[in-house]
There are 2 protein chains.
Amino acid sequence: MEESKHTTPSVDKDLDEETLFIVSQTFKALSDPTRIRILYLLSQKEYSVNEIAEKLSLGQSAVSHQLRFLKNLRLVKYRRAGTTLYYSHDDKHVMNILKQTIDHARHH
Amino acid sequence: MEESKHTTPSVDKDLDEETLFIVSQTFKALSDPTRIRILYLLSQKEYSVNEIAEKLSLGQSAVSHQLRFLKNLRLVKYRRAGTTLYYSHDDKHVMNILKQTIDHARHH
DNA sequence: AGCATATATGAAAATGTGTTCATATATTCA
DNA sequence: TGAATATATGAACACATTTTCATATATGCT
């Protein structure tokens with residue numbers, strides 16, 4: 001009975017492979033400027049693929065590929081309206097972390 | 001006078017290049033399993049380069065390269081004791097975000 | 001100075017990532 | 001069904017990242 005009585009969670013346990021994988025994937029999603037810009041846009045409201053491409057001056061294909069990446073991690077979701085897919089964010093925790101880090105970066 | 005009266009910071013402003021760069025670099029630091037393991041280790045206490053290499057079964061050179069990466073972003077610092085360098089974390093905000101995300105990943 | 005130990009560094013190799021291009025699929029409408 | 005529009009997909013390319021290997025540098029000790 002020596003360790004972690006009422007200490008902060010996450011310290012003192014070791015990192016199992018699965019946790020490590022999830023954490024690294026999550027941060028990888030946030031490590032690319034294009035994906036950050038997409039998520040930041042989606043933090044405001046839903047947008048279609050073409051709207052995202054236009055707003056950010058990116059190719060339709062590039063946006064689609066990145067959305068698939070984000071979708072696989074369940075960071076975004078979409079709803080269909082005819083042939084148009086409206087994407088929106090789908091992970092409040094991750095969006096919150098992105099927001100925190102943007103604020104932190106801005107405060108210099 | 002239409003937007004962002006008392007809304008959350010970081011929304012509604014656009015992302016300037018510099019902020020985008022800092023944010024993406026920060027997350028890139030956290031996106032690699034080796035660096036995550038190093039930072040996680042350093043969240044507990046300071047360790048020398050060789051201690052880190054042994055604890056994590058990594059080559060001395062690989063650890064040194066990653067520490068330089070983290071040092072450039074001012075995420076870690078070191079103190080010298082003879083020929084030994086003891087590294088420790090140096091950014092509470094980033095360590096907090098790492099901790100949050102590990103907890104989040106563990107809760108599935 | 002010479003030797004031992006701890007760490008850093010540069011280049012090469014192996015692997016991973018992001019964009020583009022061409023094309024496929026899905027939906028709507030006439 | 002056929003045309004039009006929106007999005008997805010796969011392959012190829014360019015570029016970036018991570019590790020390894022060999023070697024350099026720094027410090028302390030005798």
Side-chain angles (χ1 to χ4, degrees), chain A residues 15 17 20-42 46-90, chain B residues 15 17 20-42 46-90:
Chain A
L15 284 179
E17 269 306 315
L20 191 59
F21 181 74
I22 295 172
V23 171
S24 64
Q25 285 296 112
T26 302
F27 286 127
K28 193 163 299 174
L30 298 172
S31 72
D32 176 67
T34 299
R35 286 191 293 268
I36 294 174
R37 293 171 75 213
I38 291 174
L39 287 173
Y40 186 74
L41 201 60
L42 297 183
E46 63 175 17
Y47 284 98
S48 73
V49 177
N50 278 335
E51 286 172 339
I52 295 170
E54 285 166 29
K55 280 238 175 201
L56 304 183
S57 308
L58 298 168
Q60 176 268 320
S61 183
V63 172
S64 186
H65 280 297
Q66 298 296 10
L67 286 171
R68 178 168 56 175
F69 183 108
L70 296 171
K71 183 80 174 42
N72 286 339
L73 290 177
R74 298 176 196 280
L75 265 38
V76 302
K77 62 178 190 252
Y78 62 82
R79 73 178 173 87
R80 181 181 285 280
T83 67
T84 301
L85 302 184
Y86 288 98
Y87 278 84
S88 54
H89 62 85
D90 196 31
Chain B
L15 284 179
E17 269 305 315
L20 192 59
F21 181 74
I22 295 171
V23 171
S24 64
Q25 284 297 109
T26 302
F27 286 127
K28 191 164 300 173
L30 298 173
S31 72
D32 175 69
T34 298
R35 286 191 294 267
I36 294 174
R37 294 171 74 213
I38 291 174
L39 287 173
Y40 185 74
L41 201 59
L42 296 183
E46 63 175 15
Y47 285 97
S48 73
V49 177
N50 278 335
E51 286 172 339
I52 295 170
E54 283 166 29
K55 280 237 176 201
L56 305 182
S57 307
L58 298 168
Q60 175 269 321
S61 183
V63 172
S64 184
H65 279 298
Q66 296 297 10
L67 286 170
R68 178 168 58 175
F69 182 108
L70 295 170
K71 183 80 173 42
N72 286 338
L73 290 177
R74 297 175 198 279
L75 265 39
V76 301
K77 63 179 190 250
Y78 62 82
R79 74 177 174 87
R80 180 182 286 278
T83 67
T84 301
L85 303 184
Y86 289 99
Y87 278 84
S88 54
H89 62 85
D90 196 31

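Letters go in sequence order (proteins before strands), and every chain restarts at 1.
Distances shown here put a side-chain N or O of Y87(A) below 4.0 Å from the OP1 or OP2 atom of dA8(D). OP1 or OP2 of dA6(C) has not a single side-chain nitrogen or oxygen of R80(B) nearer than 4.0 Å. For dT9(C), one of the phosphate oxygens OP1 or OP2 lies less than 4.0 angstrom from a side-chain nitrogen or oxygen of R68(B). Applying the 4.0 Å criterion to OP1 and OP2 of dT5(C), one finds that N50(B) has every side-chain N and O outside that range.
Atom CG of D32(A) is separated from atom C1' of dA16(D) by 12 Å (rounded to the nearest Å). Regarding R79(A), its CZ atom lies at a distance of 12 Å from the P atom of dT7(D), rounded to whole Å. Rounded to an integer number of Å, the gap from CG of N72(B) to C1' of dT9(C) is 13 Å. K28(A) places its NZ atom 15 Å from the P atom of dT15(C), with the value rounded to the nearest Å. Between Y86(B) atom OH and dT7(C) atom P the separation is 8 Å, expressed in whole Å. A straight line from CG of L67(B) to P of dA6(C) spans 16 Å, rounded to a whole angstrom. Between the CG atom of L56(A) and the C1' atom of dG18(C) there is a distance of 15 Å, given to the nearest Å. Taking atom CG on L58(A) and atom C1' on dA6(D), their separation rounds to 17 Å, with Å as the unit.
Between L73(A) atom CG and T26(A) atom OG1 the span is 6.5 Å, to the nearest 0.5 Å. If you take CG on D32(A) and CZ on R37(A), they are separated by 10.0 Å, rounding to the nearest 0.5 Å.
Between S61(B) and F69(B), the residue anchored nearer the 5' end of DNA chain D, judged by the nucleotide with its closest heavy atom, is F69(B). Where L85(B) and A62(A) meet DNA chain C, the nucleotide closest to each residue was compared, and L85(B) sits on the side nearer the 5' end.
Ring orientation note: the planes of F27(B) and F27(A) are close to parallel, at an angle under 30° on the 30°/60° scale.
With hydrogens and angles ignored, no donor-acceptor pair under 3.5 angstrom links the side chain of Q60(B) to the base of dA6(C).
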Assess whether side-chain contact (heavy atoms from CB on, under 4.5 Å) is satisfied between I52(B) and L42(B), documenting all intermediate values.
CA-CA 9 Å; I52(B) 295 170; L42(B) 296 183; 4.2 Å; yes
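The residue Q66(B) sits close only to the backbone: its heavy atoms come under 4.0 Å of sugar-phosphate atoms, none of a base. Within 4.0 Å of S64(A), counting heavy atoms only, lies at least one base atom of the nucleic acid.
Under the stacking criterion of a centre-to-centre distance below 5.5 angstrom and an interplanar angle below 30°, H65(A) sits stacked against the six-membered ring of dT9(D).
Residue Y40(B) forms a side-chain contact (heavy atoms from CB on, under 4.5 Å) with just one option from V23(A), L20(A), L15(A), and that option is L15(A).
Of all nucleotides listed (dT18(D), dA8(C), dT7(D)), dT18(D) comes nearest to the side chain of R35(B).
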